[in-house]
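Everything below concerns the one structure shown next.
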Amino acid sequence: MATTVLSGTSGALYYKPAGTTGTFKETDVNATTDVITVAPYLNFKVGDPVKFSVVNGQTGGAGTGTLPAPLSAGTTYYVISYTANTGALQVSATAGGATVAITDDGTAVTPNEFQVAYADFVAVGQVRDWSFEISRAEIDVTTIGQTPGQYVPFRSYISGFGDGTGTATVYMTDEDAAMSNRMIEDVLQRQQTGAAFKLYTDRVFSGGTLSETLSRSIAFDAVLTSASLNINPDDAQSVTVNFRPSGTPSFDFAKS
């Protein structure tokens with residue numbers, strides 16, 4: 001069977017911005033003003049697509065309860081206003097549409113709470129290249145008192161925790177809404193919750209739509225650690241953003 005070697009043209013980088021996950025309680029929902037109060041100084045911007053859910057505040061997994069009506073889990077809404085110093089958030093059912101009229105504050109008994117988060121990964125179209133390295137710690141378990149032989153004894157090791165680091169070089173543009181520019185700014189975002197990468201080694205479209213079944217990728221929540229600007233008269237302005245996973249990456253290298 002013929003084997004096709006993948007090239008860099010098969011790859012892509014998708015991203016969820018930092019500071020775009022917040023939680024709130026029943027008392028944070030105002031059905032009179034249609035305002036939801038989440039944490040202050042998050043990174044929600046007008047036009048951001050978001051989804052709501054009920055989560056368990058102790059485990060971080062799915063919770064039990066009822067979202068404030070008429071909000072529906074799995075439905076994409078759009079931020080129409082977010083006040084950073086108060087955390088006041090309003091959303092619309094369509095991009096640039098009218099504020100969703102909230103009719104009740106829902107039900108979420110502790111430890112359950114409501115969550116609003118950036119809806120899905122977005123393609124970053126100004127990426128020159130990305131890299132990702134994973135490693136395992138080595139734990140020395142060498143023992144003393146080994147039987148001497150002709151050769152010197154070797155140390156023994158077992159594998160320990162995993163770790164990872166990554167970089168992405170992106171081009172700066174004059175478009176304020178460019179996700180590459182936002183990624184650079186996110187390095188200084190104090191609250192990194194919500195930042196996530198999906199690194200495609202082989203991005204495949206089927207019927208004009210990205211096929212997760214046919215594509216190969218690495219996905220993980222992340223923290224952004226630094227940004228290095230490179231500006232000179234002979235090249236396009238580029239920035240290298242460094243990041244690392246904040247949890248275990250998910251590897252999907254199979255077309256199935």
Side-chain angles (χ1 to χ4, degrees), residues 4-22 42-45 48-50 60 117-139 159-173 175-205 210-232 235-255:
T4 300
V5 177
L6 302 176
S7 74
T9 60
S10 304
L13 184 150
Y14 282 51
Y15 179 64
K16 288 183 182 180
T20 53
T21 296
L42 293 176
N43 193 26
F44 289 113
K45 299 183 183 300
D48 279 354
V50 295
Y118 202 88
D120 206 352
F121 289 99
V122 176
V124 182
Q126 298 81 26
V127 180
R128 187 176 74 189
D129 57 64
W130 62 260
S131 66
F132 185 61
E133 178 182 348
I134 55 174
S135 60
R136 291 287 300 271
E138 299 173 349
I139 301 175
S159 55
F161 288 108
D163 198 3
T165 58
T167 66
T169 301
V170 299
Y171 292 111
M172 295 193 71
T173 75
E175 174 55 60
D176 291 343
M179 192 57 73
S180 60
N181 291 357
R182 189 167 179 178
M183 185 193 302
I184 298 166
E185 296 171 355
D186 282 356
V187 173
L188 293 180
Q189 177 66 30
R190 181 171 62 87
Q191 301 192 55
Q192 292 277 319
T193 304
F197 287 87
K198 195 158 194 177
L199 308 174
Y200 285 91
T201 60
D202 184 20
R203 184 180 58 167
V204 179
F205 287 86
L210 176 63
S211 171
E212 295 294 351
T213 301
L214 299 177
S215 299
R216 297 180 171 95
S217 62
I218 309 167
F220 50 88
D221 294 333
V223 291
L224 289 79
T225 57
S226 66
S228 177
L229 282 72
N230 178 23
I231 299 175
N232 66 70
D235 297 316
Q237 293 188 16
S238 63
V239 181
T240 299
V241 177
N242 294 281
F243 52 85
R244 65 188 318 132
S246 59
T248 303
S250 172
F251 293 85
D252 181 8
F253 288 161
K255 287 195 172 185

- request: Have a look at Tyr14 and tell me which of Tyr118, Tyr200, Trp130 forms a ring-ring contact (aromatic ring centres under 6.0 Å, His included) with it.
  value: Tyr200
- prompt: Around Leu214, counting heavy atoms of other residues, nucleotides and ligands shown, do more than 12 lie under 6.0 Å from its CG?
  reply: yes
task: Measure the shortest side-chain to side-chain distance between Lys255 and Asp202 over non-hydrogen atoms and say whether it is less than 4.5 angstrom.
output: yes
query: Any side-chain heavy atom of Leu210 within less than 4.5 Å of one from Phe121?
result: no
task: Using modelled atom types only, decide if a donor and an acceptor are shared between the side chain of Asn181 and the backbone of Thr173 within a distance under 3.5 Å.
output: yes
query: Do Phe220 and Phe132 make the cut of ring centroids closer than 6.0 angstrom?
result: yes
statement: Taken to the nearest 0.5 Å, the spacing of Asp186 CG from Ile184 CD1 works out to 10.0 Å
- request: Side-chain contact test, heavy atoms from C-beta onward, threshold under 4.5 Å: evaluate it for Leu42 versus Gln191 and give yes or no.
  value: yes
message: Tell me every residue that passes salt bridge (charged side-chain N to carboxylate O under 4.0 Å, His left out) with Lys16, counting only those two or more places apart in sequence or in another chain.
response: none
task: Using atom types as modelled and distance alone, determine if a side-chain donor or acceptor of Ser246 lies under 3.5 Å from a backbone N or O of Val223.
output: no
- request: Measure across Gln126 and Ser180 and return the closest heavy-atom pair with its distance rounded to 0.1 Å.
  value: OE1-OG, 3.1 Å
field: Any side-chain heavy-atom pair of Met179 and Pro17 under 4.5 Å
entry: yes
field: Nearest heavy-atom neighbours spanning Gly164 and Pro245
entry: O-CD, 3.2 Å
query: So do Leu13 and Met183 actually touch side chain to side chain, heavy atoms under 4.5 Å?
result: yes
task: Ignoring hydrogens and angles, tell me if any N or O in the side chain of Arg136 forms a donor-acceptor pair with the backbone of Gly160 under 3.5 Å.
output: yes
task: Spell out, as yes or no, whether a donor-acceptor pair under 3.5 Å connects the side chain of Thr225 to the backbone of Asn242.
output: yes
query: Is it true that the side chains of Thr167 and Ser131 contain a donor and an acceptor less than 3.5 Å apart?
result: yes
- prompt: Roughly how far, to the nearest 0.5 Å, is the OG atom of Ser159 from the CD1 atom of Ile139?
  reply: 7.5 Å
field: Phe251 CZ to Ser217 OG distance, which is reported to the nearest 0.5 Å
entry: 10.0 Å
query: Looking at Ala227 and Val187, what are the two nearest heavy atoms and their distance?
result: CB-CG2, 3.9 Å
- prompt: Would you say Arg244's side chain and Thr165's backbone share a donor-acceptor pair under 3.5 angstrom?
  reply: no
query: Would you call Lys45 and Asp176 a salt bridge, using N to O less than 4.0 angstrom?
result: no
message: Assess, by modelled atom type and distance only, whether the side chains of Thr213 and Ser211 contain a donor and an acceptor separated by less than 3.5 Å.
response: no
Verdict with reasoning, Asn230 to Asp235, per side chain to side chain donor-acceptor pair (under 3.5 Å): CA-CA 9 Å; Asn230 178 23; Asp235 297 316; 5.1 Å; no
message: Return the NZ to CD1 distance between Lys198 and Ile218, rounded to the nearest 0.5 Å.
response: 11.5 Å
Pro49 vs Asp120 side-chain heavy atoms within contact, under 4.5 Å: no
message: A quick test of your reading: do over 12 heavy atoms of other residues, nucleotides or ligands sit less than 6.0 Å from CZ of Phe161?
response: no
message: Classify the ring geometry of Phe243 against Phe197: parallel below 30°, tilted from 30° to 60°, perpendicular beyond 60°.
response: parallel
Spatial distance of atom CZ (Arg182) from atom CD (Gln189) [nearest 0.5 Å]: 9.0 Å
task: Can you measure from OG1 (Thr169) to CG (Asp129) and round to the nearest 0.5 angstrom?
output: 4.0 Å
task: Would you confirm whether Thr20, through its side chain, and Asn43, through its main-chain N or O, come within 3.5 Å as a donor-acceptor pair?
output: no
- prompt: Any donor and acceptor pair, going by atom type alone, linking the side chain of Gln192 with main-chain N or O of Leu224 inside 3.5 Å?
  reply: yes
